[in-house]
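Because only heavy atoms are used, hydrogens play no part in the values below, and waters and symmetry mates are left out as well, while side chains stay in.
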Amino acid sequence: MGLVTVFTLGGTISARGGTATRMTGTEVLAGLGLADTTGTADTAGAAIPASGTASTGSPASGTPAGAASTASGTASAAIPASGTASTGSPASSTPAGTASPASGTAGGPDVRLRDFRRLPSSSLSFDDLAALADEVRRTVAEGSGVVVVQGTDTLEETAFLLDLLCPTSEPVVVTGAMRRPDLPGADGPANLAAAIAAAADPACRDLGVLVVFADEIHAARHVRKTHTTSVATFASPGAGPLGSVVEGEPRILLRPAVPLAPCPLRLDPEVRVALVTLSLGDRGELLDGLENRFDGLVLAAFGAGHVPTRLVEPLERLAARIPVVLASRTGAGHTLTHTYRGPGSEHDVLSRGLIPAGPLDPAKARLLLHALLSSGATGPAGYDRPRITAAFTHLTGTGLA
């Protein structure tokens with residue numbers, strides 16, 4: 001079944017008790033009854049104590065859950081062949097750096113732990129994700145599948161960024177939980193077991209980065225969090241899941257038509273891309289002076305890409321200075337290009353230099369623009385508009401970047 005490396009970043013799956021501290025990665029895996037065969041987990045992150053500031057701590061073998069660790073090494077464990085969660089010692093009784101004995105059968109993948117961060121996903125930074133992408137690239141180069149475990153608030157953005165930054169044939173899966181581990185019906189163990197099963201399965205190769213949640217397998221480019229509390233919060237509007245995990249076995253029904261990025265991109269944490277959402281009666285105050293503070297803008301416009309007529313000229317001036325991508329705030333569907341042609345229509349603003357986001361929602365369009373600018377999409381006018389346009393057009397299946 002091969003090797004799967006699990007990167008734990010924190011999130012609800014590790015938020016026992018709902019406090020600012022987070023369980024260690026070893027404690028999270030203990031919920032599946034995994035056996036530690038090498039002794040220590042590789043830790044590379046810091047937790048947020050109750051004060052809200054990051055702290056450093058001692059090696060995982062002697063560090064309480066929620067404190068940062070500096071121990072090196074890897075933890076390797078066997079997961080039951082079925083891929084489903086098994087009962088074992090409760091995570092609350094498992095000391096940091098120690099995994100519970102496996103209670104399932106042999107034959108599943110070996111699991112290697114990287115206790116990477118212990119943060120709520122709302123506190124993850126571009127520096128964190130750039131470092132994660134570096135580690136994921138090195139890991140898949142070794143032939144390992146990857147599972148990233150984090151909070152759900154920004155899970156879809158992490159998955160999309162990894163898809164841009166880590167082109168690979170190996171399965172890379174992102175998952176998490178909607179219910180804390182100390183609450184009835186906690187979904188973390190089942191999600192993690194399904195994610196490990198997907199990351200270990202050759203059928204999940206060449207699909208791009210995946211999100212596995214509630215036994216559904218989603219493509220990072222399509223998936224969105226759609227509900228504040230439902231354990232089935234992740235969906236792919238307009239596309240649907242690529243497949244599902246049935247009795248611990250991934251079953252793939254659909255495959256993306258094109259890779260998300262035809263060439264590797266990079267992430268410069270210093271690049272700044274704004275996201276502005278239009279609303280009824282908007283006078284455009286948030287656009288004032290934006291070109292002096294940001295390197296690019298994604299505009300979450302009305303409907304299929306419409307703006308108030310009074311904002312057309314300010315947007316045209318902005319687009320002459322920085323790339324402005326036109327997305328829809330609706331949450332599903334493509335940005336149009338020529339169905340409507342009046343003032344403020346998609347045809348009007350695109351003719352004035354804005355770039356259509358195609359099928360991407362505003363948050364993902366922002367990340368693609370950020371990665372393109374980080375990767376040198378510049379030109380004589382300050383940015384390479386044809387290259388940026390081609391990258392977004394590529395995702396519609398009608399052009400190549």
Side-chain angles (χ1 to χ4, degrees), residues 5-32 34 36 40-75 77 85 88-100 111-125 127-129 131-132 135 146-155 157-159 173-183 186-193 195-196 213 225 229 231:
T5 303
V6 177
F7 291 84
T8 54
L9 276 65
T12 293
I13 198 170
S14 62
R16 186 173 57 223
T19 65
T21 58
R22 292 293 183 268
M23 294 159 54
T24 66
T26 304
E27 289 178 299
V28 171
L29 286 183
L32 293 181
L34 298 181
D36 181 357
T40 58
D42 185 10
T43 58
I48 294 185
S51 63
T53 57
S55 64
T56 57
S58 56
S61 59
T63 305
S69 303
T70 56
S72 60
T74 55
S89 302
S92 59
S93 63
T94 306
T98 304
S100 304
V111 176
R112 181 173 60 184
L113 172 65
R114 289 295 315 279
D115 198 350
F116 192 76
R117 296 287 188 273
R118 296 183 202 156
L119 298 168
S121 68
S122 55
S123 294
L124 290 173
S125 68
D127 288 306
D128 293 321
L129 294 176
L132 175 64
E135 291 295 324
V146 167
V147 172
V148 175
V149 184
Q150 70 158 74
T152 59
D153 285 352
T154 60
L155 189 150
E157 291 167 273
T158 294
V173 181
V174 186
T175 193
M178 288 297 291
R179 290 179 182 160
R180 293 184 345 230
D182 57 320
L183 294 179
D187 56 328
N191 288 338
L192 180 53
I196 291 173
F213 220 92
K225 185 175 182 178
T229 59
V231 295

Next item on the list: Using the test side chain to side chain contact (heavy atoms under 4.5 Å, CB included), find all partners of S125 that sit at least two apart in sequence or belong to another chain.
Entry: D127, D128
Check: Under the side chain to side chain contact (heavy atoms under 4.5 Å, CB included) test, which residues partner T229, sequence neighbours left out?
Finding: H227
Note to self: What verdict does the side chain to side chain contact (heavy atoms under 4.5 Å, CB included) test give for V173 and I196, after you've listed the backbone C-alpha separation in whole Å, the side-chain angles of each residue and the deciding distance to 0.1 Å?
What the structure shows: CA-CA 8 Å; V173 181; I196 291 173; over 6 Å; no
Margin query: Check whether S121 reaches the backbone of G11 with its side chain - one donor and one acceptor, N or O, closer than 3.5 Å.
Written below: no
Notebook entry, point to check: At what distance, to the nearest 0.5 angstrom, does CG of L119 lie from CD of Q150?
Noted result: 10.0 Å
Next item on the list: Go through the steps to decide whether K225 and D153 satisfy the test side chain to side chain contact (heavy atoms under 4.5 Å, CB included), and finish with yes or no.
Entry: CA-CA 8 Å; K225 185 175 182 178; D153 285 352; 3.4 Å; yes
Next item on the list: Can you see which heavy atom on A186 is nearest to which on P181, and at what distance?
Entry: CB-CA, 3.9 Å
Item checked: Side-chain touch L132/T158, heavy atoms, less than 4.5 angstrom -> yes
Next item on the list: Would you please name every residue forming a side chain to side chain contact (heavy atoms under 4.5 Å, CB included) with T8, sequence neighbours left out?
Entry: V6, L113, D115, V149
Next item on the list: Using modelled atom types only, decide if a donor and an acceptor are shared between the side chain of D187 and the backbone of M178 within a distance under 3.5 Å.
Entry: yes
Check: Can you check whether L155's main-chain N or O pairs, donor with acceptor, with T152's side chain at less than 3.5 Å?
Finding: no
Notebook entry, point to check: Counting distance only, does the side-chain N/O of E157 pair as donor-acceptor with the main-chain N or O of T154 below 3.5 Å?
Noted result: no
Note to self: I'd like to check the side chain to side chain donor-acceptor pair (under 3.5 Å) partners of T12; sequence neighbours left out, ordered by chain and number.
What the structure shows: none
Checklist line | T175 side chain to L192 backbone, donor-acceptor under 3.5 Å | finding: no
Item checked: Set of residues satisfying side chain to side chain donor-acceptor pair (under 3.5 Å) with respect to R180, sequence neighbours excluded -> D182
Notebook entry, point to check: Are the side chain of R22 and the backbone of T19 linked by a donor-acceptor contact shorter than 3.5 Å?
Noted result: yes
Checklist line | CG on L9 to CG on L129, rounded to 0.5 Å | finding: 7.5 Å
Next item on the list: Sequence neighbours left out, what passes side chain to side chain contact (heavy atoms under 4.5 Å, CB included) with A131? Give chain and number order.
Entry: F116, R117
